[in-house]
Amino acid sequence: MPKVLLIRLFLLLLLALPALAQTPADTARLRRHLVALTTTPQPRNYQHLASLNQAADYITAELAAAGGRPTAQAYEVQGQTYRNVLASFGPETGARLVIGAHYDVCGEQPGADDNGTGVAALLELARLLGQQPALPYRIDLVAYTLEEPPFFRTPQMGSYVHAKSLHEAGVPVRGMVALEMLGYYDDRRGSQDYPFGPLKWVYGSRGNYVTVAQKLGNGRFGRTFARRYKTAATLPVKRFKAPAWMPGIDFSDHLNYWHFGYPAVLLTDTAFYRNKHYHQPTDTLARLDMRRLALAVDALLAVVLHD
């Protein structure tokens with residue numbers, strides 16, 4: 001082949017690389033969601049109901065634009081009305097998969113990773129689900145309110161309210177996935193901590209992976225989800241199974257589905273075991289990795305579409 005043709009072929013390959021590297025999840029959209037969530041007039045916590053409602057309105061509009069069937073689940077706490085935002089995709093009937101992320105923050109901080117990234121992932125997943133010609137089963141996406149203190153581990157958590165409503169209605173649930181902090185990564189040695197020190201020798205000391213965490217005895221759903229997620233992902237994934245009493249294993253909304261007997265897993269960047277800006281004013285968008293957040297969403301989509 002003449003040298004000039006080789007050069008042209010090489011240049012064409014270089015031009016094609018960005019397109020080949022594109023993922024289904026859109027980093028620009030993820031960033032836009034995070035900007036909307038972190039720039040409310042006041043932090044989106046239970047004391048600033050107007051900002052919490054602004055976030056809920058944004059989430060509702062995005063879920064509707066994605067093609068979901070949005071509804072609100074309102075309930076009263078201390079004389080104020082708070083709401084979960086729900087949207088269903090796929091068939092109206094049959095057992096459903098619940099995927100959720102809380103949209104409130106702890107205290108006076110922007111909560112970009114906690115839990116802006118979980119909500120952004122939820123909204124981008126909604127957009128991708130809306131593009132599917134058909135879904136094999138019903139998928140309910142839920143944005144929860146009041147996950148953070150002082151309501152954590154109380155019946156006032158939005159996820160408790162939702163899980164209880166499913167249980168009381170006798171709704172068949174395939175399983176639940178909690179999206180809790182998915183955007184912070186650190187490739188340096190020693191950047192990853194664990195609830196039990198020796199785990200570092202098993203899972204490594206670099207905070208460059210996503211974890212699928214589940215409790216022992218969580219059933220087939222957890223095992224299958226973790227295996228499929230790890231197979232689908234193009235970023236490192238660690239599967240972590242431990243007793244429910246181990247610190248960190250139940251630190252999100254999935255704990256309330258366990259309470260009502262539903263299998264549930266946690267998908268996370270490990271929160272404060274890696275991100276030292278957790279619950280701090282420094283938990284900002286500038287510290288997050290949009291590319292790896294998109295990759296985490298891509299793998300989730302692949303698992304969801306696998307019947």
Side-chain angles (χ1 to χ4, degrees), residues 37 44-46 49 52-53 55-60 62-64 66 68-78 80-106 114-115 118-123 125-126 129 137-181 214-215 218-219 221-222 225 244 250-268 300 304:
L37 292 167
R44 55 190 194 281
N45 65 46
Y46 77 101
L49 189 57
L52 205 58
N53 284 336
D57 289 343
Y58 177 84
I59 293 166
T60 302
E62 290 296 318
L63 290 172
R69 301 182 291 272
T71 58
Q73 185 178 44
Y75 63 101
E76 189 170 302
V77 177
Q78 298 176 357
Q80 300 276 10
T81 300
Y82 298 91
R83 57 180 157 139
N84 295 328
V85 179
L86 305 83
S88 58
F89 294 79
E92 289 277 3
T93 60
R96 67 191 68 177
L97 172 67
V98 177
I99 303 176
H102 72 88
Y103 66 91
D104 62 317
V105 302
C106 180
D114 183 19
N115 187 33
V119 177
L122 193 78
L123 296 179
L125 178 64
L129 290 176
Y137 53 87
R138 176 166 166 167
I139 301 165
D140 284 0
L141 305 185
V142 191
Y144 307 112
T145 190
L146 304 190
E147 188 268 358
E148 297 285 5
F151 303 107
F152 188 66
R153 296 193 190 282
T154 74
Q156 284 73 50
M157 289 179 70
S159 52
Y160 185 97
V161 172
H162 181 251
K164 181 182 179 183
S165 70
L166 295 177
H167 179 73
E168 291 179 343
V171 173
V173 176
R174 299 167 65 106
M176 184 270 178
V177 181
L179 309 179
E180 177 72 61
M181 302 179 66
Q214 58 183 307
K215 68 174 181 177
N218 195 36
F221 171 78
F225 179 89
D250 68 348
F251 284 3
S252 191
D253 293 293
H254 58 302
L255 74 93
N256 291 313
Y257 294 83
W258 289 346
H259 178 81
F260 288 100
Y262 297 121
V265 299
L266 171 64
L267 188 65
T268 181
L300 180 59
V304 166

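Atoms considered below: every heavy atom in the structure, side chains included; atoms not considered: hydrogens, waters and symmetry mates. Computed from a prediction, not measured in an experiment: that's the story for all the values here.
Scanning for side-chain contact (heavy atoms from CB on, under 4.5 Å) contacts around His167 gives Phe260, Tyr262, with sequence neighbours left out. Residues forming a side-chain hydrogen bond (donor to acceptor under 3.5 Å, both in side chains) with Thr268 (at least two apart in sequence, or on another chain): none. Partners of Glu168 by side-chain contact (heavy atoms from CB on, under 4.5 Å), not counting sequence neighbours, listed by chain and number: Lys164. With sequence neighbours excluded, the residues forming a side-chain contact (heavy atoms from CB on, under 4.5 Å) with Ser165 are Gln73, His162, listed by chain and number. In this structure, Thr71 has no side-chain hydrogen bond (donor to acceptor under 3.5 Å, both in side chains) partners at least two apart in sequence or on a different chain. Under the ring-ring contact (aromatic ring centres under 6.0 Å, His included) criterion, Tyr75 pairs with no residue, sequence neighbours left out. For Tyr46, the ring-ring contact (aromatic ring centres under 6.0 Å, His included) test picks out Phe151, with sequence neighbours left out. Residues passing the side-chain hydrogen bond (donor to acceptor under 3.5 Å, both in side chains) test with Arg69, sequence neighbours excluded: Ser88, Glu92. Under the rule for a side-chain contact (heavy atoms from CB on, under 4.5 Å), the partners of Asn53 that lie at least two apart in sequence or sit in another chain are Leu49, Arg83.
In terms of heavy atoms, Leu141 sits closest to Ala126 at CD1-CB, 3.5 Å. Between Leu52 and Tyr103 the shortest heavy-atom distance is O-CE1, 3.4 Å. Closest approach of Ile139 to Ile99, counting heavy atoms only: CG2-CD1, 4.3 Å. Looking at every heavy atom in both residues, Ala264 comes nearest to Gln214 through O-CB, 4.5 Å. For the residue pair Val304 and Tyr137, the shortest heavy atom distance occurs at O-OH, 2.7 Å. When all heavy atoms of Tyr160 and Thr154 are compared, the pair lying nearest together is CB-O, 4.0 Å.
When side chains are defined from C-beta on, Leu125 does not count as touching Phe89, because their heavy atoms never get closer than 4.5 Å. Here the side chains of Tyr144 and Val119 are not in contact, with every heavy-atom distance at 4.5 Å or above. Between Leu266 and Phe251, every side-chain heavy-atom pair lies at or beyond the 4.5 Å cut-off. Residues Asn218 and Val265 have side chains in contact (heavy-atom distance under 4.5 Å, counting atoms from C-beta outward).
The closest donor-acceptor contact from the side chain of Asn115 to the backbone of Met181 lies under 3.5 Å.
Each salt bridge (Lys or Arg N to Asp or Glu O under 4.0 Å) pair with one or both residues in residues 146-160, not counting sequence neighbours, appears once here: Arg153-Asp250.
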Assess whether side-chain contact (heavy atoms from CB on, under 4.5 Å) is satisfied between Val161 and Leu146, documenting all intermediate values. CA-CA 10 Å; Val161 172; Leu146 304 190; over 6 Å; no
Run the side-chain contact (heavy atoms from CB on, under 4.5 Å) check on Val105 and Asp114 step by step: do they pass? CA-CA 7 Å; Val105 302; Asp114 183 19; over 6 Å; no
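With values rounded to the nearest 0.5 angstrom, Arg96 atom CZ is found 4.5 Å from Asp140 atom CG. We find the CG-CZ distance between Asn256 and Phe152 to be 8.0 Å, quoted to the nearest 0.5 Å. In this structure, the separation between CG on Asn84 and CG on Asp253 is 8.5 Å, given to the nearest 0.5 Å.
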Validation: residues 172-180 side-chain donor-acceptor distances under 3.5 Å, sequence neighbours left out:
{"residue": "Glu180", "atom": "OE1", "partner": "His102", "partner atom": "NE2", "Å": "3.1"}
{"residue": "Glu180", "atom": "OE1", "partner": "Ser252", "partner atom": "OG", "Å": "2.7"}
{"residue": "Glu180", "atom": "OE2", "partner": "His102", "partner atom": "NE2", "Å": "3.2"}

